[in-house]
Structures are given as structure tokens and as C-alpha cells.
Amino acid sequence: MMKQQSISNKQFFFIVFVSITCLTFFSVPNQLASQVKQDLWLSMLFGMLLDIYVAYILYKLSNQYKGQSIIQYTGSILGKAAGKIISLCFLLFFLGVMITSMWIYCDFMSRSLMPETPQMVFSLTMVCCAGLATWLGIEAIARLSQLIGIVILVTSIVLFICSLPYFQIQNLLPQLEDGIMPPLRGAIYPGSWFGICITVGVLIPHLANPKKAFRMKSQAVMLGASIMTIYLMYSIAVMGPDMAGKFENPLYIFSRITNLVIFERVEVLLLLIFISGSFITISILYFALTEGMAQWVGSKSPKIWIIVFGIIVIFSPFFPFSHNSPVVSNYLSYWFPVIALCIEGGLTTMLFIIAMIRKKKADG
């Protein structure tokens, strides 16, 4: 049996909060700002509600199958053969998200911070750090997430204050100019990335008090989504909806045109959020993937899988061969959100319905 580490509800809260803010930072802005502009707050709201729905399903399933992760109780619900197949879908999804997140992280770092540095340097250093955290266990990741979560909150407040002189509320008007449908369609982007917190299906068995999992998850999602919505609205208010939609990452550009008294490089604060948040996000995906894989094959320890998947993810910068490739553009703007929602919302809903039917039959 693998040693079962436990985390507090507060640590669980910060794990989800940091993951939400970082995932939104490097995935949602360009896709959303260019499509729904000043109505993006509504898309973020719909995406947040979708993630809370998934959180409720995972909470109910974890209560019904106490002490089991999503990889384990999938087999209990569907049977051994079907359970193995669906569990593998979850694991492949975790791997796909980890590779996608690492590629976006390396691409952003290479273009924005150190353009002369090979992207593999960023992936190698991140895999080593995240791999070490995963090797030490969920307790180490949870303690780091508390520290980084506080840094994100304080840094965000500083950035918001710095940008107040540039804030132009008229750039946020008119609201719902094209109706409610564009923001509703745009919700697929934050919804799919928020839903990556499906990894809590692996984390809940490690909670000291699983009964509070849904409340803590919901509060963390609401806080993270609210902060990132403010970031996005601020960037539109400062630059205007048309200009914000043209940049690859309007949040980073927004931070570059603000300053704090005599300090002009305020964007360093946003980079601090991005790098530290990416570390926690990738570490959580790493942990969920390796522990889930160990459970899937029946290993006593996930450590061999840390090495195996680490080697794969190190080469992630080379998987999409060009940032300007239409294949990459289609993947990030269409295929990833669709596949993500099918797994996060579709498969979990299917498991929930079948589990309720089985429970009703057992009680009857």
C-alpha cells in the first residue's frame, strides 16, 4: 500500500485557487478577449458555474465511495473492464493537459522573458522542480500552494492599485451589445480550463475532512475566477476591447504599461504569479497523473511513473512544432475545449448517473 498523506481544507483551497488563476492566465485571455470583449465577465461566470457543477458531482461520488479516487471508483461503478477504459481516459487527459500547459508555459517564457533560451531549458527545469514536489508527496505541494497563493493575492492587489490611473470605464461599455449568446459560447474556454480541477477527484481521498471538499472547492473557484475576471476587465478598461483582443496575452501587456511610483517594471509581478502558479498547476497535474497511474496498474508506489512521465513532458515544447501552426490554433481554440468538456462534464456526469442508479437498486 502507498503511504497516504493528508492535507488540510485550507491547503486544498489554495491548491485549487492557485491552479485556477494560473490556468486562466496562460490559456483564456487571448481566446476570450478577442471574441466577447467587454462581456467576458459573463463568460467567466458561466465557466465558473460549470466547474462548480463538476465539483458537486465529484464531491457526491467521493462521499459514496469513501477513500477512493476517481480512478478507483470508476471501476467500482462501471465494472473492471469498462472502468479501466474510462479511467485511462482520465489519465490520458491529465497527461494531455500537462503537456499542453508545459508547452504554453515554455512558449510564453521564451517569447516574453528569455527569447534566446531554448524552450527545453524551461521544460527541463520545471519538470525537475515539479517532479521533486510530486516525489515528496501532496503535503509538500499543499504547503507550497499556501505560500504561493498568498503571493498571488498580494501581488494582484498591488497590480490593481497600480493600474487605477489608466482605468477607463467607458471601454467596458456597452454591455451585452451583441446579446447573451456570444458570452455563452465563449464560456467554453474558461469552463474547459477551470474544469481541469477535475484532478480533485484524486486529491479528495487525501483530505483530512472530505465533508468540506465541495465548499472549499467552490470558494476557491469563485475567488480564482473573480481575480482573473478583474484582471481581464482591467486589461480591457486600460487598453480598450479591440486592442486587448489583438494581443496574444493582454494581461501581460496590461502589466507592462502600468507602474508603481518609481518602479516601472510592474510586469515582473505578473511573471511571478505566472511562474509560481505554473509550478503548482503542473505539480498537481503531475501528482494526479502519477498517483492515478499507480492505482490503475496496481503499483505500490507512483515514483517510477514520475520518472516515466517526466521524460515525456520534458520534450513537450517540441510536440506542437510551430506556435503559428494552424494545427496548434485549432487545437487550443476548438479541440481542446471540446474534448476537455466532454471528459470533465460528460464522463463525470455519466459516472454520477450510473452510480445513483446502482445505489437506488441496492437500496431498493
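Computed from a predicted structure; not experimentally measured.
Looking only at side-chain heavy atoms (C-beta outward), Tyr73 and Gln64 stay at 4.5 Å or farther from each other. A 4.5 Å side-chain heavy-atom check between Gln72 and Tyr65 finds every atom pair outside the cut-off. The side-chain heavy atoms of Ser110 and Phe122, taken from C-beta on, include a pair separated by under 4.5 Å. The side-chain heavy atoms of Met102 and Val127, taken from C-beta on, include a pair separated by under 4.5 Å. Leu271 is listed as a side-chain neighbour of Phe108, based on a closest heavy-atom distance under 4.5 Å. Considering only heavy atoms from C-beta on, Phe287 stays 4.5 Å or farther from Ser283 through its side chain. Contact check for Val338 versus Ile188: side-chain heavy atoms found under the 4.5 Å cut-off. The shortest side-chain heavy-atom distance between Met293 and Phe94 does not fall under the 4.5 Å cut-off.
Taking the centre of each ring, Phe167 and Tyr234 come in below the 6.0 Å mark.
Glu177 places no side-chain N or O within 3.5 Å of a backbone atom of Pro174 that could act as its donor or acceptor partner. No side-chain donor-acceptor contact under 3.5 Å links Thr155 to the backbone of Ile152. In this structure, Ser316 contributes its side chain and Val313 its backbone to a donor-acceptor pair below 3.5 Å. Remark: the backbone N or O of Pro302 is not paired with any side-chain donor or acceptor of Ser299 at under 3.5 angstrom. Between the side chain of Tyr59 and the backbone N or O of Lys211, at least one donor-acceptor pair lies under 3.5 Å. Under a 3.5 Å cut-off, the side chain of Tyr286 and the backbone N or O of Gly310 do form a donor-acceptor pair.
Across all their heavy atoms, Ile7 and Ala142 have their closest contact at CG2-CB, 3.6 Å. Across every non-hydrogen atom of Gly191 and Glu344, the tightest pair is O-OE1, 3.7 Å. Between Phe279 and Ala133 the shortest heavy-atom distance is CZ-CB, 3.9 Å. When all heavy atoms of Gln5 and His206 are compared, the pair lying nearest together is O-ND1, 2.7 Å. Smallest separation of non-hydrogen atoms from Leu207 and Ala213: CD1-CB, 3.6 Å. Counting all heavy atoms, side chain and backbone alike, Gly179 lies closest to Pro182 at O-CD, 3.6 Å.
By the 6.0 Å contact criterion, CZ on Phe46 is enclosed, its count of non-hydrogen atoms from other residues, nucleotides or ligands being greater than 12. Within 6.0 Å of atom CD1 in Ile169, 12 or fewer heavy atoms from other residues, nucleotides or ligands are found, so the atom counts as exposed in its surroundings.
Distance check: Ile282 CD1 to Thr134 OG1 gives 10.5 Å after rounding to the nearest 0.5 Å. Rounded to the nearest 0.5 Å, atoms OG (Ser145) and CZ (Phe13) are 10.5 Å apart.
Checked by atom type, the side-chain pair Ser156/Tyr231 shows a donor-acceptor distance below 3.5 Å. Judged by distance alone, the side chains of Thr100 and Tyr331 do bring a donor and an acceptor atom under 3.5 Å apart. Residues Ser69 and Glu291 have side chains that never bring a donor and an acceptor to within less than 3.5 angstrom of each other.
In summary, of the residues considered (Ile57, Ile52, Leu58), a side-chain contact (heavy atoms from CB on, under 4.5 Å) with Val54 occurs for Leu58 alone. Partner Pro183 forms a side-chain contact (heavy atoms from CB on, under 4.5 Å) with one of Leu45, Leu40, Leu176 and no other, that one being Leu176.
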Which atom pairs, donor and acceptor, lie under 3.5 Å between side-chain atoms of residues 78-93 and protein residues at least two apart or in another chain?
unit_1, atom_1, unit_2, atom_2, d
Lys84, NZ, Trp296, O, 2.2
Ser87, OG, Ile71, O, 3.1
Ser87, OG, Gly83, O, 2.7

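Linking ILVMFWY residues whenever their side-chain heavy atoms come closer than 4.5 Å, directly or via other members, leaves Leu136 and Val308 in distinct clusters. Under the 4.5 Å side-chain heavy-atom criterion for ILVMFWY residues, no single connected hydrophobic cluster contains both Leu132 and Ile304. Residues Val202 and Val297 share a hydrophobic cluster, clusters being chains of Ile/Leu/Val/Met/Phe/Trp/Tyr side chains in contact below 4.5 Å. Val36 and Leu184 fall within a single hydrophobic cluster, where Ile, Leu, Val, Met, Phe, Trp and Tyr are joined by side-chain heavy atoms under 4.5 Å apart, directly or via other members. Under a hydrophobic-cluster definition in which Ile, Leu, Val, Met, Phe, Trp and Tyr are linked whenever side-chain heavy atoms come within less than 4.5 Å, directly or via other members, Leu272 and Ile230 are assigned to different clusters.
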